[in-house]
Amino acid sequence: MGTMKMPLKIRYADGTKGEISDPDAALEIYRHSMSHLMAAAVCSLFPGTHLGIGPAISDGFYYDFDRPERFVEEDLKKIETKMKDLIAENLSFEPFIISKEEAMDSFSGWGENLKVELIQEKASEKLSCYRLGDVVDFCTGPHLVETGLIDPDSFHILNIAGSYWKGDENNRQLQRIYGTAFLQPQDLEDYLRRLEEAKKRDHRKLGRELDLFSISEEAGSGLVFWHPKGTRVRHIIEDFLKTELYRRGYEFVTTPHVARDVLWKTSGHYEYYRQNMYAFNIDDEEFVIKPMNCPGHIQIYKTRMRSYRDLPMRYAEFGTVYRYEKSGVLHGMLRVRGFTQDDAHIFCTRDQVYKEISDLIDLVLYIMKSFGFDQYKVELSVRDESRKEDYAGTEEDWEMAEDALTRSLRDRGIEWTRMEGEAVFYGPKIDVKLIDAIGRPWQLSTVQFDFTLPKRFDLSYIGSDGSAHQPVMLHRALLGSVERFLGVLIEHYAGAFPIWLAPVQVVIIPISERHQEYAGEVMQRLVEADIRVEIDDRNEKMGYKIRAAQTDKIPYMLIVGDKELQSKEVSVRNRFQGDEGSQPLEGFLEKIEGFIKTRAVQP
RNA sequence: GCCAGCGUAGCUCAGCUGGUAGAGCAACUGAUUCGUAAUCAGUAGGUCCGCGGUUCAAAUCCGCGCGCUGGCUCCA
């Protein structure tokens with residue numbers, strides 16, 4: 001019980017002991033040891049279970065098991081108890097070194113075929129194993145010296161899930177058991193509390209409670225119905241973006257939702273993206289519901305001869321696209337089959353790329369800050385240097401693009417992670433992941449080069465030299481999709497939107513019937529000032545209406561009764577601070593107009 | 001799509017090993033006219049996800065669908 005003794009006592013594969021005091025490294029070793037301990041518990045409880053892999057992960061650890069019978073929920077408790085028994089027995093993690101040949105013999109003798117496969121692939125002539133109780137595992141370590149060092153209250157077995165061997169869906173499916181562990185019991189409690197907190201913020205739950213959106217079983221999964229209040233928020237988001245984009249030289253376009261298959265054959269989607277496209281036949285012709293907006297924007301580009309003087313051209317569209325997604329991946333508004341991208345395509349010359357990228361990065365950060373996100377992570381995805389031939393575009397294209405991306409980031413003093421081999425085949429990209437109020441990352445913005453579409457559609461512009469050149473094309477989304485963004489906003493603010501985004505900004509609460517006329521006057525004034533206001537004139541007590549408004553997370557309540565009627569004022573109640581006292585309506589209006597204008601997060 | 005779990009009123013859930021459904025909140029009606037998070041009383045609301053099967057009898061057991069949840073894979 002209590003705090004883990006630091007530094008952590010560990011043993012390396014060669015048998016030497018050591019101490020780890022770096023908390024991150026210690027935690028990783030601790031969790032990895034925990035996964036071995038779980039494997040030992042499982043093997044002892046369920047003989048005939050074979051082992052896959054069992055690493056430490058960001059919030060804990062897991063182990064993949066191969067067993068003909070299925071684990072059930074109740075098994076988790078048993079496993080946890082068994083692990084505690086093994087801790088009490090104080091088993092040691094015993095390392096030893098053997099030859100590859102010997103290891104293969106032993107492991108295949110035990111029927112550990114997955115381990116044999118791993119040894120074959122990963123091990124050199126000599127390899128290390130750890131023995132814990134009756135279980136021997138192929139592992140480089142290090143591990144704790146013995147199980148007695150583990151605090152029995154520092155871990156928890158969480159859930160069972162399916163997983164494919166080596167992450168390949170063509171391979172056999174294993175049963176993965178997840179657990180979590182921390183060096184301090186306090187950290188474990190905090191983690192479990194964070195899970196609870198995340199549950200409370202779940203946009204699916206809040207979306208229903210706040211009457212923002214729904215998904216209809218009858219209409220089909222992955223398709224979102226935006227209710228009036230959700231649509232209000234959506235319009236506010238879209239209006240804000242429209243204003244900002246027009247200011248920055250974008251033009252909006254509108255393109256059809258379906259197009260002949262020919263368009264998608266030219267773009268290459270028909271070949272590479274077919275499994276995700278909804279298609280249908282009419283009059284012997286095949287049509288595709290658009291999964292992307294780019295070919296549409298290209299159609300507009302191609303309607304006339306373009307000059308270098310026209311570039312850069314920035315076409316934006318809140319384009320609704322439909323993509324077939326496997327049923328198991330759908331998730332509320334965050335992963336759907338029909339969604340609206342805040343899409344844009346920039347056609348420019350090579351010389352203009354650096355400026356465009358730089359402006360884009362500034363724009364992304366400005367927009368995100370406006371929505372109340374201050375923390376973010378930037379990832380630069382580049383191609384796999386060893387498989388250059390798998391990528392479209394020339395060597396010069398890739399160098400030019402990577403150079404523009406890295407220079408833009410560096411010039412802005414932005415830290416980024418370089419993701420080797422993570423680029424899509426048609427070009428490198430920058431992704432921005434936002435960190436929300438409880439520390440979770442969300443992938444939203446993306447800026448991508450495209451070296452294939454200009455070629456496939458044979459795009460050109462006439463340069464100052466009088467001859468035709470191929471423009472560079474950039475895809476870019478700031479919010480990603482309006483659906484996902486609203487989902488993220490709901491979770492970030494736990495449903496309590498800042499006043500500039502709130503679907504209802506003010507609710508007026510008359511104390512009794514005789515105050516309704518004055519409440520109506522107050523409402524009239526706020527409506528004139530374009531405040532989104534409602535009046536709660538139900539035959540209920542004030543406390544009831546306040547509670548209702550609090551539950552609806554409405555920023556301000558204006559209570560009007562005899563006193564306010566007399567003084568011609570309003571009593572202001574803020575959803576976070578509570579009663580702010582009586583004040584003149586004009587003063588209140590001026591205050592909230594300020595909050596709205598500055599997109600203040602707090603009230 | 002795969003593995004596991006789940007599906008009872010608008011919402012949250014109860015309903016033991018089979019004997020044909022219940023609570024709270026919400027909704028509606030009436031009374032009450034109220035000062036910073038729930039006034040009282042009444043009414044209505046269900047193809048127990050759907051379809052088959054077992055059984056004298058199925059919300060409950062079995063099969064197949066559909067949907068949801070957590071993972072895996074995918075996210076041109």
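Basis for what follows: all heavy atoms, side chains included, without hydrogens, waters or symmetry-related copies. These figures come from a predicted structure and were not determined experimentally. Here is the naming used below: chain letters follow the sequence lines, and residue numbers restart at 1 for every chain.
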Checklist entry - At under 4.0 Å between heavy atoms, what does A:Gly543 touch on the DNA or RNA strands: base, sugar-phosphate, or nothing? => result sugar-phosphate
Next on the checklist: Taking any heavy-atom pair under 4.0 Å as a contact, classify A:Phe339: base, sugar-phosphate, or nothing.
Outcome noted: nothing
Checklist entry - What nucleotide among B:C74, B:G35, B:U33 has an atom nearest to a side-chain atom of A:Arg514? => result B:U33
Item to check | Base partner of B:U47, which must satisfy Watson-Crick or wobble distances under 3.5 Å | outcome: none
Item to check | Under 3.5 Å donor-acceptor pair, A:Ser163 side-chain atoms to B:U73 base atoms | outcome: no
Checklist entry - Using atom P of each nucleotide, how far apart are B:G46 and B:G5 to the nearest Å? => result 32 Å
Next on the checklist: Between B:U39 and B:G50, how far apart are the two C1' atoms, rounded to whole Å?
Outcome noted: 43 Å
Next on the checklist: Only pairs with both distances under 3.5 Å count, Watson-Crick or wobble alike; so what is the partner of B:C56 in this structure?
Outcome noted: B:G19
Next on the checklist: Among B:A37, B:G70, B:A4, which nucleotide has an atom closest to any side-chain atom of A:Ile546?
Outcome noted: B:A37
Item to check | Check: A:His475/A:Gln448 side-chain N/O donor and acceptor closer than 3.5 Å | outcome: no
Item to check | Interatomic distance at C1', B:G45 relative to B:A9, whole Å | outcome: 6 Å
Item to check | Paired nucleotide for B:C25 [Watson-Crick or G-U wobble; both distances under 3.5 Å] | outcome: B:G10
Next on the checklist: Pairing check on B:U33: which nucleotide meets the Watson-Crick or G-U wobble criteria with it, both distances under 3.5 Å?
Outcome noted: none
Item to check | A:Phe287 six-ring centre to A:Arg260 NZ/CZ under 6.0 Å and within 45° of normal | outcome: no
Next on the checklist: Regarding A:His515, tell me which of base, sugar-phosphate or nothing describes its non-hydrogen contacts under 4.0 Å with the strands shown.
Outcome noted: nothing
Checklist entry - With sugar-phosphate meaning primed atoms plus P, OP1 and OP2, does A:Asn159 contact a base, only sugar-phosphate, or nothing at under 4.0 Å between heavy atoms? => result sugar-phosphate
Checklist entry - With sugar-phosphate meaning primed atoms plus P, OP1 and OP2, does A:Arg67 contact a base, only sugar-phosphate, or nothing at under 4.0 Å between heavy atoms? => result nothing
Next on the checklist: If you only use heavy atoms from C-beta on, which nucleotide in B:C68, B:G1, B:G35 is closest to the side chain of A:Ser221?
Outcome noted: B:C68
Checklist entry - Looking only at side chains, do A:Ser214 and A:His227 share a donor and an acceptor under 3.5 Å apart? => result yes
Checklist entry - In whole angstroms, how far is the C1' atom of B:A4 from the CZ atom of A:Arg176? => result 14 Å
Checklist entry - Is any side-chain N of the basic residue among A:Glu169 and A:Lys326 closer than 4.0 Å to the acidic one's carboxylate O? => result yes
Checklist entry - Which one is paired to B:G70, where only Watson-Crick or G-U wobble pairs with both distances under 3.5 angstrom count? => result B:C3
Next on the checklist: Within the 4.0 Å heavy-atom criterion, would you say A:Arg323 contacts the bases, only the backbone, or no part of the nucleic acid?
Outcome noted: nothing
Checklist entry - Hey, are A:Ser481 and A:Gln341 close enough side-chain-wise for a donor-acceptor pair under 3.5 Å? => result no
Checklist entry - A:His203 NE2 to B:U69 P: how many Å, rounded? => result 9 Å
Item to check | Pairwise side-chain contact, A:Leu479 with A:Met368, heavy-atom cut-off 4.5 Å (strictly under) | outcome: yes
Next on the checklist: OP1 or OP2 of B:G70 versus the side-chain N and O atoms of A:Arg204: is any pair under 4.0 Å?
Outcome noted: yes
Checklist entry - What distance, rounded to whole Å, do you find between the two P atoms, one in B:C6 and one in B:C49? => result 13 Å
Checklist entry - Do A:Glu217 and B:G50 have a side chain to base donor-acceptor pair shorter than 3.5 Å? => result no
Item to check | Gap between atoms CD1 and C1', on A:Ile160 and B:G70 respectively (whole Å) | outcome: 10 Å
Checklist entry - For A:Arg573, which contact category applies under a 4.0 Å heavy-atom criterion: base, sugar-phosphate, or nothing? => result base
Item to check | Proximal nucleotide (of B:A27, B:A37, B:G70) relative to the A:His331 side chain | outcome: B:G70
Checklist entry - When only distance counts, do a donor and an acceptor, one from the side chain of A:Tyr164 and one from the base of B:G1, lie under 3.5 Å apart? => result yes
Checklist entry - Within the modelled atom types, does a donor on one side and an acceptor on the other bring the side chain of A:Arg172 and the base of B:C3 under 3.5 Å apart? => result no
Next on the checklist: Return the pairing partner of B:A38 with a 3.5 Å limit on both distances, Watson-Crick or G-U wobble; otherwise return none.
Outcome noted: none
Item to check | Parallel, tilted or perpendicular, as decided by the 30° and 60° cut-offs, for the rings of A:His203 and A:Phe213 | outcome: parallel
Checklist entry - Given side chains that start at C-beta, do those of A:Lys290 and A:Thr255 come closer than 4.5 Å, heavy atoms only? => result yes
Checklist entry - Picking from B:C34, B:G67, B:G1, which would you name as closest to the side chain of A:Ser327? => result B:G1
Checklist outcome for this item: Considering only heavy side-chain atoms of A:Gln550, the closest of B:U33, B:U36, B:A37 is B:A37
Next on the checklist: Base, sugar-phosphate or nothing for A:Glu540? Non-hydrogen atoms, less than 4.0 Å.
Outcome noted: base
Item to check | A:Arg208 side-chain N/O to B:U12 phosphate OP1/OP2 under 4.0 Å | outcome: yes
Next on the checklist: Distance check needed: B:U33 C1' versus A:Lys545 NZ, whole Å only.
Outcome noted: 10 Å
Item to check | Protein-nucleotide distance (A:Ile215, atom CD1; B:C66, atom C1'), rounded to Å | outcome: 16 Å
Checklist entry - When you check the phosphate oxygens OP1 and OP2 of B:C72, does a side-chain N or O of A:Tyr178 lie under 4.0 Å from one of them? => result yes
Checklist entry - Which part of the nucleic acid does A:Gln275 contact within heavy-atom distance under 4.0 Å: base, sugar-phosphate only, or nothing? => result nothing
Checklist entry - Between B:C16 and B:A21, how far is it from one C1' atom to the other, in whole Å? => result 15 Å
Checklist entry - Across the strands shown, which category fits A:Gly328 at heavy-atom distances under 4.0 angstrom: base, sugar-phosphate, nothing? => result base
